[in-house]
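Below is one structure, written out as structure tokens; the observations come after it.
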Amino acid sequence: MSKIILGIESSCDDTSAAVIRDGILLSNIIANQKVHEKYGGVVPELASRAHQQNIIPVVNEAINISGINKHELSAIAFTRGPGLLGSLLVGISFAKGLALSLGIPVIEVNHLHAHVLAHFIQRNNNKKSVPEYPFLCLLVSGGNTQIILVRSWNNMEIQGQTIDDAAGEAFDKCAKVMGLPYPGGPYIDKLASQGNPSIFNLARPNVSGYDYSFSGLKTSFLYLLRDNLNTNQNFINDNLPDLCASLQSAIVETLMRKLRKVSEDLGIKEIAVAGGVSANSGIRLAFEEHAEKYRWKIHIPPPDLTTDNAAMVAMNGYLKYISEDFAQLNSTPFSRVEI
Ligand code: KG4
């Protein structure tokens, strides 16, 4: 009999619901929250209120588009964490209530695992190739920057991670000081394509081992702006594409240097990227160059599966369902967690 999983994701500022049947995606609805734009970052209280408003229409639409009847669902998977507690609570409580009313089990999902497992989602019966175990996954998002060794779908180990800001945070905070809208990553990406990455020389932070640090790069960018604004008030406007290109190349180079090191040390050439920042064209290009130069077999998710989405939650839920790994109804959210 088919296994049909409804996934619910509400860890930050996207309310999402998706339906997966036997590993094949039937629907994936994402409602972004525009309310945060004017604050230049996610406001937790506003995020949970917006989830409350979005959750019913988003789940309804995901079920309608999938073409299934809600009584056909086998289980409901929800993101338990990490994330914003108030936001997680909305998705978790809704998932439990619906599961209870339908008499089906709930499955809790680690948001970070789900990002990695997005690579295993199939769109139709023509199977696309998926990463072979063991592989490395560079998880880059607004809240996380990690190199993960993936031994199997439920055996992952962090090899290195940021000791301060995430890569997405570095993009967003630097965008903010240049007056770009939130989230700034996509704007920097777009502007960078028209700029020269060699014009401004920014510090390439290098901490020991496989870890990352982006706070030094952020500060060096801030000082670059401050020093030049002293002599030219229009410095940012006059140099926007070159500033974006230089910043993007510093972030991408930093990410790739450590990833290369882990790949060499562990002798693993099966390499994936996941998370919102993996939509970045500089990262995608760097992956393609590494595939050619170092014979990496690379896996880059389609853009709609990079940012927070419930398809990846439903996928992780499907794998857990098969292993009969169910959650209790007293499961509570967590804001921080290791992989
Ligand atoms: O995984 P995600 O959707 O959720 C959070 O972790 O919150 O990632 C969001 C992050 C933001 O920092 C956003 O600026 C960044 O992904 N991002 C990008 C691009 N698209 C999204 N950063 C750089 N280039 C992009 N094209």
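Here the structure is a predicted model, which is why all the values come from computation and not from measurement. Read the numbers this way: they start at 1 and go in the same order the structure lists the ligands and their atoms.
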Pairs where residues 70-84 contributes a residue and the test side-chain hydrogen bond (donor to acceptor under 3.5 Å, both in side chains) is met, not counting sequence neighbours: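 Those involving residues 70-84 are Glu9-Thr79, Arg80-Glu108.
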
Best match, Ile188, Val277, Asn309, Val140: closest heavy atom to atom 15 (C) of ligand 1: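 When every heavy atom of Ile188, Val277, Asn309, Val140 is considered, Val277 comes closest to atom 15 (C) of ligand 1.
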
Could you tell me whether Lys173 and Glu169 have a side-chain N and a carboxylate O separated by less than 4.0 Å?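 Between Glu169 and Lys173 there is a salt bridge, with a charged N closer than 4.0 Å to a carboxylate O.
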
Provide, to 0.1 Å, the distance between [atom] and the closest protein heavy atom, together with that atom's residue and name.
atom: atom 21 (C) of ligand 1; result: Gly276 O, 3.3 Å
atom: atom 13 (C) of ligand 1; result: Asp172 OD1, 3.8 Å
atom: atom 5 (C) of ligand 1; result: Gly142 N, 3.6 Å
atom: atom 3 (O) of ligand 1; result: Asp308 N, 3.2 Å
atom: atom 24 (N) of ligand 1; result: Asn280 ND2, 3.0 Å

Taking the six-membered ring of Phe287 (Phe, Tyr or Trp), confirm whether the NZ or CZ of Arg284 is under 6.0 Å from its centre and within 45° of its axis.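 Relative to the ring axis of Phe287, which defines the angle, Arg284 lies outside at least one limit.
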
What is the ring orientation for His111 with His115, classed by angle as parallel under 30°, tilted 30 to 60°, or perpendicular over 60°?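 Correct class here is perpendicular.
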
Any side-chain donor near an acceptor of the partner, Tyr133 and Asn155, under 3.5 Å: no

For a quick check under 3.5 Å, do Ser213 and Asp164 share a side-chain donor-acceptor pair by atom type?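 Their side chains do contain a donor-acceptor pair, which is all the 3.5 Å distance test asks for.
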
Polar atom proximity, [X] to ligand 1 (N or O, under 3.5 Å):
X: Asp189; result: yes
X: Ser141; result: yes
X: Glu169; result: no
X: Gly185; result: yes

Atoms in ligand 1 flagged as close to [X], the criterion being non-hydrogen separation under 4.0 Å:
X: Gly143; result: 6 (O)
X: His115; result: 1 (O)
X: Thr307; result: 3 (O)
X: Gly168; result: 12 (O)

Using only atom types and a distance under 3.5 Å, with no angle test, would you say the side chain of Lys38 pairs donor to acceptor with the backbone of His36?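 Looks like no, no N/O pair under 3.5 Å.
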
I'd like to know if the side chain of Asn32 and the backbone of Asp14 have a donor-acceptor N/O pair within less than 3.5 Å. no

Please tabulate, for side-chain N and O atoms in residues 90-98, each donor-acceptor pair with protein atoms closer than 3.5 Å (sequence neighbours left out).
unit_1, atom_1, unit_2, atom_2, d
Ser93, OG, Leu89, O, 2.6
Lys96, NZ, Leu329, O, 2.9
Lys96, NZ, Ser331, O, 2.7

